[in-house]
Asker: 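Handing you this structure, nothing more for now.
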2 protein chains.
Amino acid sequence: MLPVMSTEDRKRREREAREALFIERAHERIREDGLLGLQMSKLAADCEYATGTLYQHFESREDLLAAVAARTTRERAGRFRAIPGLALGTRSRMLAIVLTDIDFAANNPDYYRLTQYLVTEVVWANVSAPRRADLLEAGRPISEAVHAVVAEARDQGDLPPAREISEEEMGLGPWALNVGMQSLANAQGLLDAYDIHRPYDHLIRHFHALMTGWRWEPRLDPDDPSVVRGETERVRAVLRSAGIGVEPPERGRTTAE
Amino acid sequence: MLPVMSTEDRKRREREAREALFIERAHERIREDGLLGLQMSKLAADCEYATGTLYQHFESREDLLAAVAARTTRERAGRFRAIPGLALGTRSRMLAIVLTDIDFAANNPDYYRLTQYLVTEVVWANVSAPRRADLLEAGRPISEAVHAVVAEARDQGDLPPAREISEEEMGLGPWALNVGMQSLANAQGLLDAYDIHRPYDHLIRHFHALMTGWRWEPRLDPDDPSVVRGETERVRAVLRSAGIGVEPPERGRTTAE
DNA sequence: TGTGGGCTTGAATCGGGTTCAAAAAGCGGA
DNA sequence: TCCGCTTTTTGAACCCGATTCAAGCCCACA
């Protein structure tokens with residue numbers, strides 16, 4: 001309606017579209033050829049722009065990587081939004097959060113590697129401040145889901161009232177357990193060296209031990225395989241029917257377009 | 001005694017000494033200027049050798065980094081050797097393992113960053129096979145200590161007999177928890193964004209929850225701050241008197257010389 | 001249709017890891 | 001001690017890819 005502004009407006013839209021294109025293509029490249037396969041000039045050429053144009057959007061290669069990670073983090077975080085509302089006990093919903101993350105990581109190995117690489121001090125240092133903030137922001141829905149579930153568990157008496165520990169700090173346990181297990185599982189040859197297999201099964205069992213240790217009801221024996229397996233299946237079924245779950249080992253597509 | 005061999009022998013010794021020199025200086029460089037501060041040609045010049053000579057020892061920069069990590073890992077792993085023999089209950093000895101690791105990481109932040117960077121797929125791919133094996137091997141005493149403590153706990157009835165979980169798999173829980181918390185604690189600005197502070201205190205509490213969840217006696221309420229603090233202090237005191245401990249928050253020196 | 005400022009371009013620059021031909025050093029035998 | 005031969009060392013040159021920036025282009029506005 002305002003012709004004066006519209007041109008400037010269109011420019012911004014075009015600029016955003018171009019940025020999205022760069023991010024999308026960069027992600028493809030990484031998926032196909034790995035992190036090393038991503039080269040700034042090649043990427044620019046792929047998108048039919050000059051190298052310099054790419055640098056209009058991203059201060060550095062690392063900055064671009066952070067943008068890719070933020071995009072995928074937003075997608076990942078979205079999956080957690082519906083979890084607090086699921087028809088499950090609070091403890092099972094907490095498990096649902098863990099399972100959702102496991103499944104996402106399993107289906108997006110490149111995303112996992114990317115974030116691991118990004119938070120490396122050397123790399124992180126080259127990410128611009130707005131990009132960092134953006135990436136942190138993108139993960140917020142996850143912590144909100146955790147917060148909601150923990151708070152409700154306390155309200156309902158499933159979890160003893162806090163003495164000194166906030167909701168976030170409570171969620172920190174499973175979070176660290178998850179992150180750590182991902183790290184170990186992905187370090188080539190590490191767990192093999194100790195003859196440990198199926199790390200995610202162990203993650204689930206240790207998760208139950210952790211929750212039981214905090215007296216989150218209904219307590220469940222982490223060393224009773226059939227109970228653990230049954231609970232996992234039950235929660236996975238609910239996730240699937242809510243459209244959050246993942247078809248078992250079929251590689252879920254990610255292309256947003 | 002065999003003059004024929006002695007020359008060859010001396011050569012090997014000299015070569016090893018030179019390698020040690022490279023590793024030592026590389027570590028200094030990293031400590032002082034960070035990972036980026038380590039440049040192959042500068043390092044060689046520092047040691048008064050040509051760049052090419054450095055490449056006689058290390059296939060690549062990454063290979064050198066792995067060697068540095070292996071050296072420090074050996075030092076770190078050494079600290080765990082005496083833990084199974086401490087005059088403490090099995091559960092407290094398990095805590096001793098966790099505390100020892102926390103303290104080591106706190107005193108060697110560069111070591112933590114280095115390993116985090118190393119296991120990154122991109123980097124790990126450029127580490128030679130023998131070097132990888134060496135690094136894995138260097139950590140073995142740690143898993144041996146864990147194995148010993150878990151096995152004894154089962155023998156003594158502190159921990160219920162295993163149904164389906166090996167000693168290593170039991171240790172995997174605290175291990176992953178540790179690794180994960182280190183990651184989170186070191187990701188610049190991450191925990192701050194969620195208003196979480198003193199991550200290592202939380203690590204200790206979640207560790208207790210985890211152990212209690214596995215019914216490792218004596219069970220201990222992770223949300224009773226004074227009990228947790230007391231236990232931590234008690235175990236730290238034993239560690240200190242065994243010469244393993246670390247003077248509280250005074251930055252312990254690491255320079256081996 | 002003219003023009004000025006902002007955008008795009010891509011060749012040049014830069015930085016560091018890695019290589020390798022030449023030089024030096026070490027070796028055993030004469 | 002000297003001599004060929006082998007092994008090791010040397011460091012300048014090479015390579016690769018991220019980043020820069022001077023030159024030219026384009027478009028809005030007059």
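All chains are named by letter (A, B, ...) in the order of the sequence lines, taking the proteins before the strands, and each is independently numbered beginning at 1. Keep in mind it's a predicted model, so treat the numbers as computed, not measured.
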Asker: Keeping the roles fixed (side chain from R131(B), backbone from A70(B)), state whether a donor-acceptor pair exists under 3.5 Å.
Answerer: no

Asker: With nearest nucleotides of DNA chain D determined for G52(A) and L36(A) from heavy-atom distances, which residue corresponds to the more 5′ nucleotide?
Answerer: L36(A)

Asker: With the side chain of S60(A) defined as its heavy atoms from C-beta on, choose the nearest nucleotide among dT19(D), dG11(D), dA28(D).
Answerer: dT19(D)

Asker: Does T53(B) put a side-chain nitrogen or oxygen below 4.0 Å from OP1 or OP2 of dT10(D)?
Answerer: yes

Asker: Of the nucleotides dT20(D), dG11(D), dT18(C), which has the atom closest to the R61(B) side chain?
Answerer: dT18(C)

Asker: Of the non-hydrogen atoms in V146(A) and G171(A), which two are nearest, and what is the gap between them?
Answerer: CG1-CA, 3.7 Å

Asker: State plainly whether the residues R29(A) and D110(A) are in salt-bridge range, i.e. N to O under 4.0 Å.
Answerer: no

Asker: What's the closest nucleotide to the side chain of Y55(A) if the choices are dG17(C), dC27(C), dT19(D)?
Answerer: dT19(D)

Asker: Of the nucleotides dT19(D), dT10(D), dT19(C), which has the atom closest to the T51(A) side chain?
Answerer: dT19(D)

Asker: Looking at dA11(C), dT8(C), dT9(D), which one has an atom nearest to any side-chain atom of R18(A)?
Answerer: dT8(C)

Asker: Once you round it to whole Å, what is the distance between P of dG17(D) and CE of M40(A)?
Answerer: 13 Å

Asker: Expressed in angstrom and rounded to an integer, what is the separation of H57(B) atom NE2 from dT19(C) atom C1'?
Answerer: 17 Å

Asker: Is a side-chain donor or acceptor of S60(B) paired with a backbone partner of N126(B) at a separation under 3.5 angstrom?
Answerer: yes

Asker: Name the nucleic acid region contacted by R15(B), choosing base, sugar-phosphate or nothing; use a 4.0 angstrom heavy-atom cut-off, strictly under.
Answerer: nothing

Asker: OP1 or OP2 of dC27(D) versus the side-chain N and O atoms of R10(A): is any pair under 4.0 Å?
Answerer: no

Asker: Let me know the distance between CG of L54(B) and P of dC20(C), rounded to the nearest Å.
Answerer: 17 Å

Asker: How many whole angstroms separate atom NZ of K11(B) from atom P of dT6(D)?
Answerer: 14 Å

Asker: Checking R18(B) against Y49(B): is there a side-chain donor and acceptor pair closer than 3.5 Å?
Answerer: no

Asker: Quickly work out the R29(A) CZ to dG17(D) P distance and round it to whole Å.
Answerer: 12 Å

Asker: Figure out the CG/P separation between L43(A) and dT19(D), and round it to whole Å.
Answerer: 13 Å

Asker: Under 4.0 angstrom, heavy atoms only, what part of the nucleic acid is L38(A) near: base, sugar-phosphate, or nothing?
Answerer: sugar-phosphate

Asker: Tell me: OH of Y49(B) to C1' of dA23(C), nearest whole Å?
Answerer: 18 Å

Asker: Nearest to the side chain of Q39(A), which nucleotide is it out of dG16(C), dA12(D), dA18(D)?
Answerer: dA18(D)

Asker: Rounded to whole angstrom units, what separation is found between the CZ atom of F22(B) and the P atom of dG17(C)?
Answerer: 14 Å

